[in-house]
Amino acid sequence: MMRVLALPVVLLLAVLLAALLIAAFRRPEPDRGPDWEPATELRDGVTVVLVRHVAGGRELGRQVVAEIPADAPDWETRYHEAMAAARSRAAALHSEAD
């Protein structure tokens, strides 16, 4: 009877030991502080492309990059260009903060 239980008990102990070792050596992610991120909002039929300054889930500030009417015939082209500009601006603002 003891031999039947020995293998499951050994396996359980090995799994528990592995879990403890992983938890002990896991490093918490460092707080990165405020960051800039591109974002979009839809307001009254207008797509607003912007850059948000965020920290800890809170918005600290924002900069509007473009406002594109939803019925603009070139909406998709303008949207992609505005998002590229927003990503570029976020990267520039982030590098200035370092």
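Atom set for the values below is all heavy atoms of this structure, side chains included, hydrogens, waters and symmetry mates excluded.
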Cluster question for you: counting only ILVMFWY and a side-chain heavy-atom cut-off of under 4.5 Å, with indirect links fine, are Phe25 and Leu17 together?
yes
Pairwise side-chain contact, [X] with [Y], heavy-atom cut-off 4.5 Å (strictly under):
| X | Y | answer |
| --- | --- | --- |
| Val51 | Val65 | yes |
| Val46 | Ile68 | no |
| Leu50 | Glu41 | yes |

To the nearest 0.5 angstrom, please state how far the [atom1] atom of [X] sits from the [atom2] atom of [Y].
| X | Y | atom1 | atom2 | answer |
| --- | --- | --- | --- | --- |
| Leu16 | Leu21 | CG | CG | 11.0 Å |
| Glu59 | Glu37 | CD | CD | 8.5 Å |
| Thr47 | Tyr79 | OG1 | OH | 7.5 Å |

Neighbour count above 12 (heavy atom, 6.0 Å) for Asp74 CG
yes
Before you tell me yes or no, could you show the steps for His53 and Trp36 under ring-ring contact (aromatic ring centres under 6.0 Å, His included), namely the whole-Å CA-CA distance, both residues' side-chain angles and the distance that decides it to 0.1 Å?
CA-CA 5 Å; His53 194 206; Trp36 291 92; 4.2 Å; yes
Assess whether side-chain contact (heavy atoms from CB on, under 4.5 Å) is satisfied between Arg52 and Leu60, documenting all intermediate values.
CA-CA 8 Å; Arg52 299 174 57 226; Leu60 306 175; over 6 Å; no
Check Ala55 against Pro34 and note the closest heavy-atom contact, atom names and distance.
CB-CA, 3.7 Å
N-O pairing of Glu67 and Arg78 below 4.0 Å:
no
From CA spacing to verdict: side-chain contact (heavy atoms from CB on, under 4.5 Å), Leu42, Val48:
CA-CA 6 Å; Leu42 183 60; Val48 180; over 6 Å; no
